[in-house]
There are 2 protein chains.
Amino acid sequence: MNVGIKDVARVAAVSPATVSRVLAGRPVDPDMRDRVMAAVHETGYRPNLAARRLRSRHTNTIGLIVADIRNPFFTAVSRTVEAIAYDRGLRVIFCNTDEDAAKEAMYLQLMQEERVTGVILAPTREGADRIAHVESDFPIVLIDRAAPNASCDSVVIDNAAMAAKLVVHLHRLGHRRIAGLFGTDTVTGRERCDGYRRAMEECGIPGQVVPVPHEREQAQRVIAALLEDASRRPSALVVSNSVMLQSVLRVADALELEIPRDLALTSFDNEPWMEFVGGGLSVIEQPVEEIGRTAVTMLMDRLDHADCVTRRVVLAGRFIARGSGGRGVEA
Amino acid sequence: MNVGIKDVARVAAVSPATVSRVLAGRPVDPDMRDRVMAAVHETGYRPNLAARRLRSRHTNTIGLIVADIRNPFFTAVSRTVEAIAYDRGLRVIFCNTDEDAAKEAMYLQLMQEERVTGVILAPTREGADRIAHVESDFPIVLIDRAAPNASCDSVVIDNAAMAAKLVVHLHRLGHRRIAGLFGTDTVTGRERCDGYRRAMEECGIPGQVVPVPHEREQAQRVIAALLEDASRRPSALVVSNSVMLQSVLRVADALELEIPRDLALTSFDNEPWMEFVGGGLSVIEQPVEEIGRTAVTMLMDRLDHADCVTRRVVLAGRFIARGSGGRGVEA
DNA sequence: AAAACCACAGAGAACGTTTTCCCTGCTAGG
DNA sequence: CCTAGCAGGGAAAACGTTCTCTGTGGTTTT
């Protein structure tokens, strides 16, 4: 039998209500407070969070639903969200959908049942569409993937502008055959693709967009098809994220292409190892901590201002030039 | 006001108890079952998990506490644990301690308050020591880091043997000055260090153990000190994990060392990018899915057999030879 | 000095379930 | 035909808190 608030109350010779007040930090006679605290330590009392949440009707819990935890971008954001949330006394329920809309729906349902305070969500494409129609009991902040007309608050980076930056970089280096590899399933992919297309147009060179599926085997097949014919091979690539980049590297390795001589690579996301392949890759670094922090802040803010208009925070990425393009950082 | 089980009961014209029974899948007249299900859909009822947990006294929740989610090894294990747990109808509370024993203690306390069913834990060194003395209300399964005499169930890999494998590999390639870089704060680091030491002895060459702190800046300073003096520089390294390896690469890059010509690298963990640096790195791949799966299984098993003796599962790693050492896999 | 107020403690309801207990009606066995 | 047994449904307690309401003692205000 576990020790409850009533046991503490008996030991401290006060009422359960008083124990509750002490624990909640409400004003209580110092004498009693000491007695209660002593009793808490003596009994080894630990509050039962289920009971607390049931009665108080707030769970102090946020859900964090990401599409792919193996993607270091999401790992990094998750870490930040977790750290900040716990700082603010919020618990985090962590969910990984693996880009599966059904799993995502299941998790959103679970969030309802948990009666979470709010949710931070990187939706699948279908999920993003559905969110617009469904109304949930809790506020949602979308991260990374959010259509400009989304019906929720969102925090994203300026994907189009950043993709353009990569194109311009490659163009300056003299590349004229620049292919763009983008995910088929996400808003983010489409935005980056748009930015790529427009930049290619402005540079006056024809774009070649390659839609890449999320699943690795399939992705590698698509990429192989793009690269294996030397005569039609692009000289440079804009790649949509670090996971896709790994598929590119594997295929390039199999085809014995040397980076960047046979193929110049640029990508979104900045992982430490990118410094060390192909003489250093030029990339767009996303402000992962700031994304996480902003998301939590927006969520908290939304709780206080339930019917404030929908807000969209667009953060800038950071272009990092490496390798043949010269070292350095450029905002 | 949210819809509760009573509302459903009223709509279906049955008692709340019956609704509860239907939802729990207990035997109920088919007619009533249909009425209840209809009412559930009509009202949009979602069970309140807090209430359910409070009353039923089981939370169907496991805690997963890892030391560093940025370490891809833990990311991979977490993903597996999450997937398997949800398959079995268990919720996962995910916690990241950042190698901070205080945070770890705080989280373990939280697990108590959540009344979790069990915990899977990759402890800090201090945590591992403390676990031995503390008695908790729930079973704990240690992963990755567990002293052989641990008082909990544990699932680990054969660190010493795997470290030895790396040493032997390098020795066969002709290396005689092989330094070993190991974490200072974990059982795992010490085990790998022991294996390294013994293997070096057996090869008849003097070992050079370099204790590397977890924090990146400090780690890089230590590594720089090891590598900067060309005359005393080892020709090969055994590195304890992929995070540490990144520090090594950064330092090597700054010192303009070419891998593997100036410095051969081998490491624990197998990340996709390791194929592409220094012509491919030879590594020990850990069976991450199996670790996760085994941990969950052991935890569940322990619930049924509370006073079964402590079990320790030791899994084999997989040696993957790449680069100058030749391609291929060897058990 | 009386009235009004304030601060704080205790009693008991309430949160939304599951579970226990009892009651009913049906079936089977003598 | 009567009774024992059984299956399933309803009433109400229980889970461990917080919250509301009331009461009391002391302080301020008029």
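To find a chain, count down the sequence lines: A is the first, B the second, and so on, and within it residues start at 1.
At least one side-chain heavy atom of P123(B) sits less than 4.5 Å from a side-chain heavy atom of L142(B).
Using a 4.0 Å cut-off between charged side-chain N and carboxylate O, R53(B) and E114(A) make a salt bridge. No salt bridge links R46(B) with D137(A); every basic N to acidic carboxylate O contact stays at or beyond 4.0 Å.
In terms of phosphate contacts, T18(A) brings a side-chain nitrogen or oxygen within less than 4.0 Å of OP1 or OP2 of dG10(C). Contact between the side-chain N/O atoms of R57(B) and the OP1/OP2 oxygens of dT17(C) is not found at any separation under 4.0 Å.
At whole-Å resolution of the value, CG in L23(B) and C1' in dT17(C) are 10 Å apart. As a whole-Å value, the separation of H58(A) NE2 from dC15(C) C1' is 12 Å. One can place CZ of R115(A) at 7 Å from P of dT17(C), the figure rounded to the nearest angstrom. The CD atom of Q112(A) sits 15 Å away from the P atom of dG16(C) (whole-angstrom rounding).
When each of dG12(C), dG10(D), dT18(C) is scored by its nearest atom to the side-chain atoms of S15(B), the top-ranked nucleotide is dG10(D).
Donor-acceptor pairing under 3.5 Å is recorded for the side chains of T61(A) and R91(A). Using modelled atom types and a 3.5 Å distance limit, the side chains of E99(A) and T124(A) yield no donor-acceptor pair. Side-chain contact annotation: T18(B) with S15(B), donor-acceptor N/O pair under 3.5 Å present.
A heavy-atom distance below 4.0 Å to DNA chain C is reached by these residues of residues 45-55 of chain B, ordered by number: Y45(B), R46(B), P47(B), N48(B), A51(B), R52(B), R55(B). Residues from residues 26-39 of chain B lying near DNA chain C, meaning a heavy-atom separation below 4.0 Å, are R26(B) in numerical order.
A donor-acceptor pair under 3.5 Å links the side-chain atoms of S78(B) to the main chain of F74(B), judged by distance alone. R35(A) contributes a side-chain N or O that, together with a main-chain N or O of A12(A), makes up a donor-acceptor pair within less than 3.5 Å.
Ring geometry for F94(B) against F94(A) counts as tilted: the plane angle lies between 30° and 60°, on a 0 to 90° scale.
In plain terms, the two heavy atoms of V8(B) and V36(B) that are nearest each other are CG1-O, 4.2 Å.
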Could you list all N or O pairs between the protein and nucleotides 21-27 of chain C that sit under 3.5 Å apart?
none

